[in-house]
Undergrad: 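Right, I'll just put the structure down here and ask away after.
Both ligands and their constituent atoms are indexed starting at 1 by order of listing. All figures in this text were calculated on a predicted structure; none of them were measured in a lab.
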Amino acid sequence: MGTILLLSGPNLNLLGDRQPEVYGHATLDACVAAARAAAEAAGHDLEHVRSNHEGELVDALHAARGRCVAVVVNPGALTHYSYSLADALAAFDGVSVELHLSNPSAREEWRRLSVVAPYVTGTVAGFGSEGYRLAVEAAVSCLG
Ligand code: DQA
């Protein structure tokens, strides 16, 4: 039916190993597999782009314009300061879901601001690796 883009920002390649008390034990591969299963169950394809570099994530969002029906993005720390990612999301014309494993609002002060939040359809945060399935299901339900 359509392609859903899953974007993973800085440090998410370390999932499973990085601060498991905050982010859990699931690896990024396992999270992507769960997101893909949810997309395929709804008849969509899932494409995953992971980068520690802001510009590569911006490029992936540009490449998704007019091609992907939805984007699910965990921008990592870029959430809190990347205006270029915010602008790229504003320029994306499909459904968009901001995703976090942790609940940034319940953590340090500097994590409480999301500069991308004004440009996404909605946010899934605080449900650990389950969030990957939930975020795809949320996107699919918005697609109607
Ligand atoms: C994160 C939350 C961010 O504050 C943090 O910088 C991350 C991961 C999350 O998934 O909980 O790298 O996006």
Undergrad: Considering only the protein, which heavy-atom contact is closest to atom 4 (O) of ligand 1, and what is its distance?
TA: H80 NE2, 2.7 Å
Undergrad: How close do N11 and N52 get, heavy atom to heavy atom, and via which atoms?
TA: N-OD1, 2.9 Å
Undergrad: Please report which non-hydrogen protein atom sits nearest to atom 11 (O) of ligand 1, along with the residue it belongs to and the distance in Å to one decimal place.
TA: S102 OG, 2.6 Å
Undergrad: Starting at OG of S102, measure out to CD of Q19 and round the result to the nearest 0.5 Å.
TA: 9.0 Å
Undergrad: What part of N74, side chain from CB on, backbone N/CA/C/O, both or neither, has a heavy atom under 4.0 Å from ligand 1?
TA: side chain
Undergrad: Tell me every residue that passes side chain to side chain donor-acceptor pair (under 3.5 Å) with E40, counting only those two or more places apart in sequence or in another chain.
TA: none
Undergrad: Answer yes or no for E108: is there a heavy-atom contact with ligand 1 below 4.0 Å?
TA: no
Undergrad: Who's the nearest protein heavy-atom neighbour of atom 1 (C) of ligand 1, and how far?
TA: H100 ND1, 3.6 Å
Undergrad: Looking at ligand 1, does N11 have a heavy atom less than 4.0 Å from it?
TA: no
Undergrad: Looking at CG of L15 and OH of Y132, how far apart are the two atoms once the value is rounded to the nearest 0.5 Å?
TA: 5.5 Å
Undergrad: How long is the straight-line distance from CG of L61 back to CG of L5, given to the nearest 0.5 Å?
TA: 6.5 Å
Undergrad: L101 versus ligand 1: do any nitrogen or oxygen atoms come within less than 3.5 Å of each other?
TA: yes
Undergrad: How are the rings of H80 and W110 set to each other: parallel, tilted or perpendicular (split at 30° and 60°)?
TA: perpendicular
Undergrad: When you measure from atom 5 (C) of ligand 1 to every protein heavy atom, which one gives the shortest distance, and what is it?
TA: R111 NH1, 3.2 Å
Undergrad: Does T3 use its side chain to pair, donor to acceptor, with the backbone of C68 at less than 3.5 Å?
TA: no
Undergrad: I want to know if ligand 1 touches L12 in the polar sense, i.e. an N/O pair below 3.5 angstrom.
TA: no
Undergrad: Please report which non-hydrogen protein atom sits nearest to atom 12 (O) of ligand 1, along with the residue it belongs to and the distance in Å to one decimal place.
TA: R18 NH2, 3.1 Å
Undergrad: May I ask you to check whether W110 has an N/O atom sitting below 3.5 Å from an N/O atom of ligand 1?
TA: no
Undergrad: Using modelled atom types only, decide if a donor and an acceptor are shared between the side chain of R112 and the backbone of R107 within a distance under 3.5 Å.
TA: yes
